[in-house]
Protein chains: 2
Amino acid sequence: MTIDVTGISPPLRPAVLELAAQMRADGCQRSDPAREIPALLGDRWTSLILLVLDMGRWRHADLRRVLGRLAAEGRISQRVMTEKLRTLERNGFVRREATADVPPKVSYELTPVGRSLAGEARRLISWVHAHRAEIDSARTAFDADRDLDPQPR
Amino acid sequence: MTIDVTGISPPLRPAVLELAAQMRADGCQRSDPAREIPALLGDRWTSLILLVLDMGRWRHADLRRVLGRLAAEGRISQRVMTEKLRTLERNGFVRREATADVPPKVSYELTPVGRSLAGEARRLISWVHAHRAEIDSARTAFDADRDLDPQPR
DNA sequence: CAGCATCCTCGGCGATACTG
DNA sequence: CAGTATCGCCGAGGATGCTG
């Protein structure tokens with residue numbers, strides 16, 4: 001990841017290079033960090049799935065029901081449920097067990113890495129919790145300003 | 001957030017209630033955790049913007065150029081750049097400064113909360129780095145299995 | 001019961017052009 | 001230089017129906 005600094009004002013170039021070095025140290029050779037987070041936890045259901053599975057082993061149908069109950073709105077569709085769990089399994093975060101008979105019995109549980117990722121998700125959620133009041137007041141202040149203050153930006 | 005446990009197998013009900021209590025303790029009264037992460041860091045550019053702004057104050061045009069250089073592919077469109085920064089500003093993560101003249105000079109820097117969130121983003125990226133090898137080998141193992149093993153799931 | 005194929009909707013994002 | 005409006009694309013995800 002060698003960064004092209006042409007077109008960037010010379011005083012900023014060291015900062016850019018340092019940033020690139022830092023990102024490289026963080027393991028971003030192959031894709032930018034902007035993609036890491038969305039790719040793992042950035043979708044609608046994955047973080048909630050991790051939190052639920054962190055409680056133990058779940059049967060498919062029960063998991064689906066619980067996700068629907070815990071979500072603020074909406075249920076997870078059957079198609080997406082399978083898709084998300086398949087991705088988690090492929091990444092090594094979830095272990096899937098199934099019987100070959102009809103009807104099949106499918107259950108899921110986290111692997112150690114999966115539990116570790118669930119911890120990260122929980123940490124991020126706690127961060128939001130810890131800063132919720134601050135964020136909310138920033139929002140209302142911002143919106144109030146925009147209302148009384150119709151100057152161009 | 002009182003959870004409806006009807007339809008959930010009785011042995012699992014305590015787990016569901018505990019989970020709900022835990023989520024409540026994490027501050028999820030109003031929206032499910034599945035939304036917190038996507039809402040803040042789940043999009044294509046926000047985490048990268050935070051990382052870059054964490055290096056100091058940036059002029060709009062420079063920031064845009066740097067984002068384009070650091071991203072694995074593609075540049076951020078002018079429209080989205082303004083939109084993302086506006087959201088960050090509204091949440092209280094970014095302070096924007098602008099002159100009223102033409103052409104305007106606009107610059108951005110993180111607030112203390114913003115720096116804190118940038119730290120969280122960096123932490124998550126490091127997590128991915130630390131587990132990259134493990135994740136990669138899980139993926140190749142999974143894909144290999146699927147190829148040789150065309151049984152129904 | 002769970003996987004899969006199909007169809008559809010909606011939102012995120014890029015591109016472009018115009019304005020102050 | 002930066003903001004905004006408009007347009008169009010594409011992918012995430014919901015709904016439905018069939019199958020083992």
Side-chain angles (χ1 to χ4, degrees), chain A residues 7-9 32 34-35 37-49 58-68 71-90 94 96-108 146 149-153, chain B residues 7-9 32 34-35 37-49 58-68 71-90 94 96-108 146 149-153:
Chain A
I8 292 177
S9 28
D32 53 299
R35 309 300 179 92
I37 299 172
L40 286 174
L41 297 175
D43 61 82
R44 175 164 180 188
W45 293 105
T46 299
S47 57
L48 186 56
I49 292 175
W58 293 80
R59 293 275 317 280
H60 183 109
D62 287 325
L63 177 57
R64 181 152 180 244
R65 247 186 303 270
V66 169
L67 291 172
E73 55 179 12
R75 297 158 58 246
I76 185 170
S77 71
Q78 201 274 354
R79 190 183 64 77
V80 174
M81 166 98 169
T82 300
E83 175 187 300
K84 293 308 170 197
L85 284 160
R86 185 88 81 222
T87 303
L88 288 167
E89 186 192 2
R90 192 174 105 97
V94 159
R96 174 181 179 276
E97 246 157 70
T99 63
D101 38 68
V102 176
K105 312 283 187 188
V106 179
S107 62
Y108 309 92
R146 300 297 321 127
D149 205 22
Q151 51 188 306
R153 310 185 51 114
Chain B
I8 292 177
S9 28
D32 52 299
R35 307 301 178 95
I37 299 173
L40 287 174
L41 297 176
D43 61 83
R44 175 165 180 188
W45 293 105
T46 299
S47 58
L48 185 56
I49 292 175
W58 293 80
R59 293 274 317 281
H60 183 109
D62 287 325
L63 177 57
R64 185 155 177 241
R65 245 186 304 270
V66 169
L67 291 172
E73 56 178 11
R75 297 160 58 245
I76 185 169
S77 71
Q78 204 275 352
R79 189 182 66 75
V80 174
M81 166 97 169
T82 300
E83 176 186 299
K84 292 307 169 195
L85 284 160
R86 184 90 80 224
T87 303
L88 288 167
E89 187 192 1
R90 190 174 107 97
V94 159
R96 175 182 178 275
E97 247 158 71
T99 63
D101 39 68
V102 175
K105 312 280 186 187
V106 179
S107 62
Y108 310 91
R146 298 301 317 130
D149 205 22
Q151 52 187 302
R153 311 184 53 114

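Keep in mind the model is a prediction, meaning the values are calculated, not measured. Chain A is the first sequence line, chain B the second, and so forth, proteins listed ahead of strands; every chain is numbered from 1.
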So, the side chain of B:Arg96 versus the backbone of B:Arg86: is there a donor-acceptor pair under 3.5 Å, distance only? no
Starting at CG of B:Leu85, measure out to CH2 of B:Trp58 and round the result to the nearest 0.5 Å. 13.0 Å
Out of [options], which nucleotide sits closest to the side chain of [X]?
| X | options | result |
| --- | --- | --- |
| A:Ile76 | D:dG14, C:dA2, C:dC4 | D:dG14 |
| B:Glu83 | D:dC1, C:dC4, C:dC13 | C:dC13 |
| A:Arg44 | D:dG14, C:dG3, C:dC13 | D:dG14 |
| B:Val106 | D:dA15, D:dA2, C:dG14 | D:dA2 |
| B:Thr82 | D:dG13, C:dG3, D:dT4 | D:dT4 |

Taking atom [atom2] of [N] as reference, at what distance in whole Å does atom [atom1] of [X] sit?
| X | N | atom1 | atom2 | result |
| --- | --- | --- | --- | --- |
| A:Arg64 | C:dC1 | CZ | C1' | 11 Å |
| A:Met81 | C:dC1 | CE | C1' | 11 Å |
| B:Lys84 | D:dG3 | NZ | P | 15 Å |
| B:Trp45 | C:dC13 | CH2 | C1' | 10 Å |
| A:Arg79 | D:dT16 | CZ | C1' | 12 Å |
| A:Asp101 | C:dA2 | CG | P | 11 Å |
| A:Asp43 | D:dG14 | CG | C1' | 14 Å |
| B:Leu41 | C:dG12 | CG | C1' | 16 Å |

Can you find a heavy atom in the side chain of [X] that is under 4.5 Å from one in the side chain of [Y]?
| X | Y | value |
| --- | --- | --- |
| A:Met81 | A:Leu63 | yes |
| B:Thr46 | B:Leu40 | no |
| B:Thr82 | B:His60 | yes |

Most 5' of A:Pro104 and A:Arg75 on DNA chain D, judged by nearest nucleotide: A:Arg75
Nearest-nucleotide comparison on DNA chain D, the residue closer to the 5′ end among A:Ser77 and B:Arg86: B:Arg86
Checking only heavy atoms, does the side chain of A:Gln78 share a donor-acceptor pair with the base of C:dG3 at less than 3.5 Å? yes
